[in-house]
Number of protein chains: 2
Amino acid sequence: MLIFRTVARAGSISAGARALGWTQPAVSQHLQALEREAGGPLLVRGAGGVDLTEAGRRLLVHADAVAAHLDAAGAELDDLAELRGGSARLAAFPSGSAVVVPAALAALAAEAPDVEVGLVECEPPEAIGLVRSGSVDLALVFGYEEDRAEESLVAVPLGDDPVRLVLPPGGPGVPRSLAELADEPWVAGCERCRGHLVACAGRSGFAPRVRHVTDDYVVVQALVARGLAVAVLPETALTAFRHPDVRVAELPELGSRRIDVLHRRGIERVPAVAALLGALRHARPPA
Amino acid sequence: MLIFRTVARAGSISAGARALGWTQPAVSQHLQALEREAGGPLLVRGAGGVDLTEAGRRLLVHADAVAAHLDAAGAELDDLAELRGGSARLAAFPSGSAVVVPAALAALAAEAPDVEVGLVECEPPEAIGLVRSGSVDLALVFGYEEDRAEESLVAVPLGDDPVRLVLPPGGPGVPRSLAELADEPWVAGCERCRGHLVACAGRSGFAPRVRHVTDDYVVVQALVARGLAVAVLPETALTAFRHPDVRVAELPELGSRRIDVLHRRGIERVPAVAALLGALRHARPPA
DNA sequence: GTCGGCCATAAGCGATGCTTGGGGGGTGGA
DNA sequence: TCCACCCCCCAAGCATCGCTTATGGCCGAC
């Protein structure tokens, strides 16, 4: 149909063929095929070119409209491919939303200002559900050694986030091992973080007394700052917010949590998603 | 692109293939090709089917529009092919316009009421020009033996139109040959008709004295009815109008004129034109 | 764990669709 | 009037395209 359009504009089959870079019989055959399925002649072959029949004139109107839509579609797809538009949706856990995501989004906005990114803050289990259902494209999640990786989703490692000890102010020095804190009351976070604490404590031979439960790292530090408990928090959470009164100690046995970006297989080839993923990786290079 | 549309509606490549009556790999390959020229993924393959990417959703909008235009074009072309619309333009000489054309148009209107026919009344030379330039599709023309056929145009014979002698009332019987009228004053018509008269007279050994010139057969008969001249007129003109006072005589040596429909090669396959041509042939079957 | 659905890949082969070569037809100029 | 050019169609050859069958990976459900 686009061939027909070219010929109609050129005024002759030969001229149309030249415009298309083809030979004249090729174009002629296409037009014959088109006329066959149209059920009647579309153009009258005459001296010095062709004239459109009424059917041809009607078809030309639609052919122009189709060509316009094809052009528009091509332009839109080009825009998307070259990041002059498009969007990506991201789910991220709280401290990641506070540290990694703003940096990544700022970098992405600088290099691709027309890409729109939507953020949903939620804990990893929910984030995984959102990725599976297609509600978001990427999920910034964390996991500990004891957590097993999500199958059927692609995990892009963004590095390790070491877990730190968070102690009240003015205490008696820094403990050398977790076992020294066996009798302290604890603040624990979400289920997975609590699991990690319990696992580490178990390796040190005790079961922590979890007195407070909150996954809000500001609340955790507020409690610790008042001397009501001790806690562990990942480095990232402490980067996001650091209460001036708490003391932070490194303790190798606390290990670290993995920070990954999860996504469905294949979606990483969507330009806007790829750009966001790249920005996230750049904001936190794999350790 | 229409394949993509089907798949997007069906929700999976396999379902789309079933809807199209194809196999799954065929559809899959088409989509890969489409994604290749789109420059990015259009759909994300996942469990239980595919989800559209943003590019896919945008493309789908245009694909729907394109499909709508294709459907509309198909419907219009079907209408034209089956005579539920369309038009044809006809040029015809005066007496033909008065006799053959109305009959043909009435018959055509009865069997294809939605076909519009435009009539231009003019003499054959002008009609031929209109056909050549494409201003009309068909031309009802006449010609005598001495006129040569138009080259490069198709002539469909509609029969012969015998030439009659038109005599004033109350004359002395019917002449047995044209030579008996050698001394009469004549009314002659258009150039070709006058040429035919002169040729016939020449074969009878005289040159007619042409006193009046008009190609209007009503005027011719009015002059003859008043006894001002004698004339020849084709049978068709006398069918269109017959002055009550003139006498009409058959004279074999006057011969006849051919009545043809002329058209450009190929245009007879346009449905509306074919219908009009058929109606003309039916209204005046070839003699 | 196994089954069933979904998708991708690979190989085979018929069909599509391009090309070159030749001929008919019409027009304009020598 | 004839020739030359341009237009188009037709036929044959052949590469490519595109569909098919067959197979394997992946995932979710029973």
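Reminder, nothing fancy here: chain letters follow the sequence lines and each chain counts from 1.
If you check every strand for non-hydrogen atoms under 4.0 Å, A:G49 touches sugar and phosphate atoms only. Residue contacts shown for A:R132 are limited to sugar-phosphate atoms, with no base heavy atom under 4.0 Å away.
Comparing B:S152 and B:Q32 along DNA chain C, the residue whose closest nucleotide (by nearest heavy atom) sits nearer the 5' end is B:Q32. Mapping A:Q29 and A:E35 onto DNA chain D by nearest heavy atom places A:E35 at the nucleotide closer to the 5' end. Comparing B:H30 and A:V50 by the nucleotide of DNA chain D whose heavy atom lies nearest to each, the residue mapping closer to the 5' end is A:V50. Position along DNA chain C of the nearest nucleotide to A:P25 versus B:R265 favours A:P25 as the more 5'-ward residue.
No hydrogens or angles considered: nothing links the side chains of B:R257 and B:T236 as a donor-acceptor pair under 3.5 Å. When only modelled atom types and interatomic distance are considered, B:T53 and A:R269 share no side-chain donor-acceptor pair under 3.5 Å.
Aromatic ring pairs are classed by plane angle as parallel below 30°, tilted from 30° to 60° and perpendicular above 60°; the pair A:F93 and A:F142 is perpendicular. A:H69 and B:H69 have tilted rings, their planes meeting at an angle from 30° to 60° on a 0 to 90° scale.
Contacts with DNA chain C (heavy atom under 4.0 Å) in residues 8-23 of chain A: A:W22, A:T23, listed by number.
A side chain to side chain contact (heavy atoms under 4.5 Å, CB included) with A:L276 is found for exactly one of A:V117, A:V270, A:D137, namely A:V117.
Protein chain B contacts DNA chain C from C:dC6 to C:dT27, reading 5' to 3' and using non-hydrogen atoms of the protein with a distance under 4.0 Å.
Taking CG of A:L153 as the start and CG of A:D260 as the end, the distance is 11.0 Å to the nearest 0.5 Å.
Shown here for B:C122 and B:L130, the closest heavy-atom pair between the two residues is SG-CD1, 3.9 Å. For the residue pair B:G86 and A:R58, the shortest heavy atom distance occurs at N-NH2, 4.3 Å.
For D:dT20, the base has no donor-acceptor partner in the side chain of B:Q24 [N/O atoms by modelled type, under 3.5 angstrom].
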